[in-house]
Amino acid sequence: YFASRPRLYSEELFTLDQKAVNKVNNKGETALIRAARFDNGWLVKKLLTAGAEVDRRDLDGKNALEYVAEYDYFDSTLLFLGRANPNLVNKQGRTAVMVAAANGNINTMRAYSFALQFASRAPAEAAKLRGSERKEMLALAARFRRIDLNVKDQNGMTALMLAAEGGHTEIVKTFVMLKANAKLTNAAGKTALDIARSKGHIEITNLLTARR
């Protein structure tokens, strides 16, 4: 019940029973998944501290990261990217970033962009820090660095291809900036450029042509 609310009115309202944290409802949802779906960041953090299984899936094969990516939550996506396995796939063989790309979710892609840029800058920035702060920054960067933008689904489609197919120009621009592999082909032997051209997405076609 509490996890299905976007926020709580008092942090002292209840304490979590660690033995119950990973219990599921009749849909296979844990409290963490419910809290993620309702963008309840405070409760997500509390559940994770209490031992919630971050990569646990429901009966639809979805985990918390996929839900926040699907619902286009920036803060929650970034939070889970620092905790969850970003490359787990659902029943269609798609990762959370692939779901977001297919839907054209701008906020989710901003979170992925922030995470990957943070990871690339972290070594230089961490050198300015000392002790636990430096260690924490490098550890977070290492977790962000696990993100693979080039995973293929059951049809050989990558996140970039899905964004190109859907005509999501800003998403494609983000993938180009993040250096996603535009040369990969799907099961039909088509690249993201081929797909964009076949769908008549002129701006994306020009964008990917310039990338070649």
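- Hydrophobic clustering places Trp42 together with Leu48 (ILVMFWY residues linked when any side-chain heavy atoms are closer than 4.5 Å, directly or through intermediates).
- Nearest approach of Val68 to Thr108, heavy atoms of both residues: O-OG1, 3.9 Å.
- Side-chain contact check for Asn105 and Tyr71: no donor-acceptor pair (N or O, by modelled atom type) lies under 3.5 Å.
- By the salt bridge (Lys or Arg N to Asp or Glu O under 4.0 Å) test, Glu136 pairs with no residue at all, sequence neighbours left out.
- Contact annotation: the side chain of Tyr67 never approaches that of Asp39 to less than 4.5 Å [non-hydrogen atoms, C-beta and beyond].
- Remark: Arg145 pairs with Ala119, Pro123, Ala141, Ala142 by the side chain to side chain contact (heavy atoms under 4.5 Å, CB included) rule, at least two apart or across chains.
- Looking at Thr205 and Leu193, their side chains come closer than 4.5 Å, going by heavy atoms from C-beta outward.
- At a threshold of 4.5 Å between non-hydrogen side-chain atoms, the residues Arg34 and Asn25 count as touching.
- Side-chain N or O atoms of Asn107 include none that pairs as donor or acceptor with a backbone N or O of Tyr73 at under 3.5 Å.
- Minimum interatomic distance between Ala126 and Leu138 (heavy atoms only, all atoms of both residues): CB-CD2, 3.7 Å.
- Counting heavy-atom neighbours within 6.0 Å of Glu203 CD, excluding the residue itself, gives a total of 12 or less.
- Looking at Met157 and Leu162, their side chains come closer than 4.5 Å, going by heavy atoms from C-beta outward.
- Partners of Ala188 according to the side chain to side chain contact (heavy atoms under 4.5 Å, CB included) rule, which considers only residues two or more places apart in sequence or in another chain, are Asn186, Lys190.
- With sequence neighbours excluded, no residue satisfies salt bridge (Lys or Arg N to Asp or Glu O under 4.0 Å) with Lys45.
- Atom CG of residue Asn206 and atom NE2 of residue His201 lie 13.0 Å apart, to the nearest 0.5 angstrom.
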Can you list, pair by pair, the side-chain donor-acceptor contacts under 3.5 Å of residues 170-178, counting residues two or more places apart and other chains?
residue : atom : partner : partner atom : Å
Glu170  : OE2  : Lys173  : NZ           : 3.4
Thr174  : OG1  : Glu170  : O            : 3.0

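- Summarising the geometry of Thr158 relative to Leu184, their closest heavy-atom pair is CG2-CD1, 3.8 Å, with the distance given to 0.1 Å.
- With hydrogens and angles ignored, the 3.5 Å screen pairs a side-chain donor or acceptor of Ser198 with a backbone N or O of Ile195.
- For the ring pair (Phe, Tyr, Trp, His ring centres under 6.0 Å) test, no residue two or more places apart in sequence or in another chain qualifies with Phe74.
- Going from atom CG of Leu208 over to atom OG1 of Thr191 covers 7.5 Å, rounded to the nearest 0.5 Å.
- Remark: the Thr95 side chain and the Asn87 side chain contain no N/O donor-acceptor pair separated by less than 3.5 Å.
- Asp194 pairs by the salt bridge (Lys or Arg N to Asp or Glu O under 4.0 Å) definition with Arg197, not counting sequence neighbours.
- Across every non-hydrogen atom of Ala64 and Ile33, the tightest pair is N-CG1, 4.2 Å.
- Taking a cutoff of 4.0 Å between a charged side-chain nitrogen and a carboxylate oxygen, Glu29 and Arg56 do not qualify as a salt bridge.
- Here CE of Met161 is found 9.0 Å from CG of Asn150. Values are rounded to the nearest 0.5 Å.
- Partners of Lys128 under the salt bridge (Lys or Arg N to Asp or Glu O under 4.0 Å) rule, at least two apart in sequence or in another chain, are Glu125.
- Taking every heavy atom of both residues into account, Val97 and Leu149 meet most closely at CG2-CD2, 4.3 Å.
- Under the 4.5 Å side-chain contact rule for hydrophobic residues, Phe80 and Phe114 share a cluster.
- Listed by first then second residue, pairs satisfying salt bridge (charged side-chain N to carboxylate O under 4.0 Å, His left out) with a partner in residues 64-89 read Lys62-Glu70, not counting sequence neighbours.
- There is no path of hydrophobic side-chain contacts, each under 4.5 Å, that joins Leu88 to Leu59.
- Scanning all heavy atoms of the two residues, the minimum distance from Ala84 to Val54 falls at CB-CG2, 3.8 Å.
- Lys135 meets the side chain to side chain contact (heavy atoms under 4.5 Å, CB included) test with no other residue; sequence neighbours excluded.
- Clustering ILVMFWY residues whenever any of their side-chain heavy atoms sit less than 4.5 angstrom apart, transitively, puts Leu140 in the very cluster that holds Leu78.
- Residues passing the side chain to side chain contact (heavy atoms under 4.5 Å, CB included) test with Glu133 are Leu129, sequence neighbours excluded.
- Ser113 places no side-chain N or O within donor-acceptor distance of the main-chain N or O of Met109, the cut-off being under 3.5 Å.
- To the nearest 0.5 Å, atom CZ of residue Arg121 and atom CG of residue Leu116 are 11.0 Å apart.
- Applying the salt bridge (charged side-chain N to carboxylate O under 4.0 Å, His left out) test to every pair with at least one member in residues 146-166, sequence neighbours left out, gives these pairs: Arg94-Asp153.
- Looking at Leu81 and Tyr112, their side chains come closer than 4.5 Å, going by heavy atoms from C-beta outward.
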